[in-house]
Peer 1: 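One structure, as structure tokens, below. Some questions next.
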Amino acid sequence: MVREGAATGGAGTAPRRAEAALASLEASPAAPDRLRRILEQALVLAGASFAGVYAPGDDPALLRLAESAGLPRTLYGLPDGYPTSGASPVAEAHRTGRPLWLTPAPQPTTPAMAVLPLGPPGGGCLLVVGDRPGGFGPEDRACLELIARAIPVPAPAVAADTGELAADAFRLAMDTGRMEAGAELLRLFGIAPDSFDGRVETLLARTVPEDLPALMSVVEADHMTIGERELEFRILQPAGPPRWLRLRGRLLPRGEDRPARLVGTVVDASTLRSDGTDVARVQRLAASLATAGTVQDVGRAVVAALRKPLQADRIALAELENDRLVVTVLDPPEPEAWPEVWRSEWRTEWPDAPVRAMPTLAAALRAGRARIWPAGSALEPALGEVGPGGLAVLPLPGACLIGWDRPHHFAPDERALLTACAALTGQALLRAQAFDAEHELVGMLQRTLLPRRLPRLPGGAAVARYLPTTAGLEVGGDWYDVIPLADHHVALVIGDVQGHNAGAATLMGQMRTALRAYAVEGHPPDVVVAHANRLLLDMETGLFATCGYVDVDMEQGTAWCVRAGHPQPVLRHPGGTAEIVRCEGGPPLGVLDRAEYPMTPLRLRPGTVIALTTDGLVESSGLDLDTGMDRLARELAAADPGHLGLVADALLAGAQRDDDVALLLMRYDGMAVRPLRESWTVWRVPQAARHARRFTRRTLRAWQLPPDTVDAALLVVSELVTNALVHTGGPVRLDLDLAGHRLRLAVTDSSPRGPVKPAGIGWEATGGRGIRLVEAVSAAWGTVPVSGGKQVWAELATGG
């Protein structure tokens with residue numbers, strides 16, 4: 001930053017406006033919020049983002065933050081106190097009595113800072129921070145000097161922290177929530193002093209629910225900056241409308257032998273409220289924006305905070321994309337409430353307002369400060385018809401337009417409110433846009449890594465559902481999969497990677513791919529899960545994952561279940577009863593190096609439904625796992641298994657959505673026609689291929705296949721067995737499988753290297769024609785890895 005000395009005075013428009021505003025505040029020197037209103041003029045007139053007063057307190061060696069306005073000081077890394085002997089700009093201005101102007105250079109994103117002494121040296125300082133490029137201009141500096149001269153050195157305006165409490169005062173220990181309260185304060189809440197239990201929750205329970213977030217933003221230490229705060233809120237009464245109360249408090253920092261404390265007063269505000277000067281609106285908006293995750297949430301919070309209190313007729317929030325305003329929130333949403341140019345640009349729900357039709361708006365956005373046009377201002381129709389009685393434009397990452405139909409007088413408090421709201425909303429929108437972009441990216445990643453569709457199952461049906469959480473900022477690592485395996489086996493997989501971020505979603509995809517690869521290789525279920533555990537440990541991500549794996553034999557109606565720290569599967573039996581299967585389990589994946597994962601056998605009758613889910617469906621902050629599993633079993637028992645999609649939707653209807661939810665259902669129907677299957681171990685003898693052909697001929701004739709199919713099958717078996725014997729070592733196995741009108745011939749060996757089809761074969765070549773012959777006579781052929789080797793297969797059509 002570049003340091004400069006004293007500012008040169010100015011007599012422009014802004015200083016004259018500052019003099020007028022400060023003169024009106026001087027008329028009420030006893031106003032309890034006068035200091036805050038003075039600081040708000042720095043936001044309105046000088047385009048500041050933060051303004052705070054640092055003054056000497058009980059410790060003369062330390063300047064404490066006495067009051068502030070605008071954005072939270074923590075956004076700029078400002079502490080709540082500065083040593084008077086330190087080298088900070090605040091301490092220097094306090095000691096010397098000279099103002100300091102710190103202009104950002106060369107980084108344009110570094111905020112500008114102004115430090116102005118209050119009176120002679122030793123009287124404290126006004127600290128102002130601004131985000132505009134170039135820092136504070138001459139008119140801004142003149143305004144800030146006027147504001148600094150109008151600030152008295154503040155004294156604590158709340159109840160003392162020692163001695164007897166005043167009737168309307170309180171002391172709250174932030175670490176325990178224990179509270180001391182005066183008799184008048186308790187009377188306002190309808191509590192007898194001798195029956196008060198000393199818990200702040202007792203008073204909060206009587207607050208109107210809509211006002212509770214704003215009140216919590218004050219009484220929670222993490223959300224309140226040092227300095228005096230004021231808030232109006234409502235409490236419920238036994239009869240009649242809620243009562244308005246006003247809280248004024250100061251957060252005192254933690255000491256060596258005492259916790260941080262909030263001290264202050266609460267008074268009846270029913271006769272003090274003024275809709276035009278209610279400083280609690282900014283606090284309510286700040287509390288709402290703190291929980292706003294998306295751009296839509298931010299827009300709704302702004303509409304709720306401004307339209308009704310300001311009696312505005314319409315509000316629009318829009319993002320700026322090239323030369324267009326892409327509207328994100330419109331209130332009211334009906335096209336008839338907006339100018340003709342807007343209606344002509346309507347897109348589905350809302351319009352894309354053309355900036356080219358509103359050059360005045362474009363200029364205001366380039367200037368980067370709030371603008372207000374009173375009734376009768378000469379504006380282009382596309383802008384003027386938004387607020388013929390008055391129009392306010394707040395620059396954001398985009399813009400917020402607030403319009404009135406009847407002539408509206410903009411009081412100084414409203415201007416300060418609009419400026420403060422613009423700063424708060426701008427920060428919230430940047431956060432929400434980042435969230436939306438990341439959420440869309442991770443959501444797209446999640447959708448890409450999950451199966452697009454589930455395979456058709458022989459003798460059964462499967463459906464799956466995935467619901468992302470509605471809490472938090474990111475998508476998690478829940479996944480599911482249905483893997484067709486050899487011999488009409490099917491693997492059902494469900495899992496959950498620790499965390500909710502792009503890393504969890506990426507790791508989810510890696511684990512799903514790994515489990516599928518291990519399963520297709522032909523490993524038994526316990527080995528598949530153990531291999532996945534070893535892989536996750538070797539990846540050294542620091543994350544763990546839970547997993548449920550069920551291998552179902554669709555021919556026999558049997559299954560093996562393996563669990564790695566995951567919730568139990570639930571079986572719905574054909575009779576309408578449901579059972580939580582007590583499968584033995586091992587630790588989550590990625591936790592122990594030598595973990596064991598025992599297998600539990602299951603018996604399935606036709607009509608049985610297997611339900612696998614992640615913990616987001618059966619466990620939440622208000623629901624323990626056992627209760628959630630029991631509820632899932634009851635709901636599954638009451639469902640109609642004939643419509644699995646409807647069953648899945650019904651089970652998800654009660655999801656708490658505190659976490660991601662993945663749900664996988666499979667109904668076992670049993671195979672109407674079981675395949676015929678025979679195997680032959682090929683001996684490594686000179687006549688091995690002939691023995692394999694003889695076995696094949698006897699088997700296929702017994703299956704009564706037509707002669708042309710038998711001849712083609714003998715050719716395929718001869719070529720595949722010969723290749724395995726010539727190019728590999730170890731055992732070789734021949735499998736014959738007839739299902740419907742498809743004959744599958746498979747040769748398994750111990751070499752992982754697959755057969756290669758030559759690109760071209762010359763007339764003098766003595767080999768390489770075998771695979772081409774297999775391809776010519778087969779409907780399909782291929783190779784798959786199996787445990788310790790590979791399997792080369794070919795399928796033949798057997799006719800009708």
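Position 1 is the first residue of the sequence, and the numbers go up from there.
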Peer 1: Under 3.5 Å, side chain of Thr798 to main-chain N/O of His741, donor-acceptor pair present?
Peer 2: yes
Peer 1: Ring pair (Phe, Tyr, Trp, His ring centres under 6.0 Å): which pairs involve residues 555-578, sequence neighbours left out?
Peer 2: none
Peer 1: Keeping the roles fixed (side chain from Thr709, backbone from Leu705), state whether a donor-acceptor pair exists under 3.5 Å.
Peer 2: no
Peer 1: Got a donor-acceptor contact below 3.5 angstrom from the Lys790 side chain to the Val784 backbone?
Peer 2: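 No; zero donor-acceptor contacts below 3.5 Å.
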Peer 1: Under 3.5 Å, is there a donor-acceptor pair between the side chain of Ser718 and the main chain of Leu714?
Peer 2: no
Peer 1: Tell me if a side-chain donor or acceptor on Asp553 pairs with a main-chain N or O of His489 at a distance below 3.5 Å.
Peer 2: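 Here the side-chain-to-backbone pair does not exist.
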Peer 1: Please verify the inter-ring angle class for His523 with Tyr518; under 30° counts as parallel, over 60° as perpendicular, anything in between as tilted.
Peer 2: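 His523 vs Tyr518 ring planes: perpendicular.
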Peer 1: May I ask you to decide if Trp680's main-chain N or O and Arg733's side chain share a donor-acceptor pair within less than 3.5 Å?
Peer 2: no
Peer 1: Hydrogens and angles aside, do Asp624 and Thr627 bring a side-chain donor and acceptor to less than 3.5 Å of each other?
Peer 2: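 There is such a pair between these side chains.
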Peer 1: Would you give the length of the straight line joining atom CD1 of Ile483 to atom CG of Leu454, rounded to the nearest 0.5 angstrom?
Peer 2: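 Between Ile483 CD1 and Leu454 CG, I get 11.5 Å after rounding to 0.5 Å.
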Peer 1: Determine whether the side chains of Arg563 and Gln568 contain a donor N or O and an acceptor N or O closer than 3.5 Å.
Peer 2: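 Result is yes, a qualifying pair exists.
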Peer 1: Got a donor-acceptor contact below 3.5 angstrom from the Asp735 side chain to the Leu745 backbone?
Peer 2: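 No, the answer is negative, given that no donor and acceptor are paired below the 3.5 Å cut-off.
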Peer 1: Main chain of Val463, side chain of Tyr480: is a donor-acceptor contact present, judged purely on distance under 3.5 Å?
Peer 2: no
Peer 1: Can you tell me if Thr608 uses its side chain to pair, donor with acceptor, with the backbone of Tyr668 under 3.5 Å?
Peer 2: no
Peer 1: Taking the six-membered ring of Trp793 as reference, does the cationic atom of Arg744 (NZ for Lys, CZ for Arg) lie under 6.0 Å from its centre and within 45° of its axis?
Peer 2: yes
Peer 1: Considering only heavy atoms from C-beta outward, does the side chain of Asn723 approach that of Ile771 to under 4.5 Å?
Peer 2: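 The answer is yes, as the side chains (C-beta and beyond) meet within the 4.5 Å cut-off.
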Peer 1: Would you say the side-chain atoms of Arg572 pair up with the backbone N or O of Leu636, donor to acceptor, closer than 3.5 Å?
Peer 2: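 The answer is yes, because a donor-acceptor pair under 3.5 Å joins these two groups.
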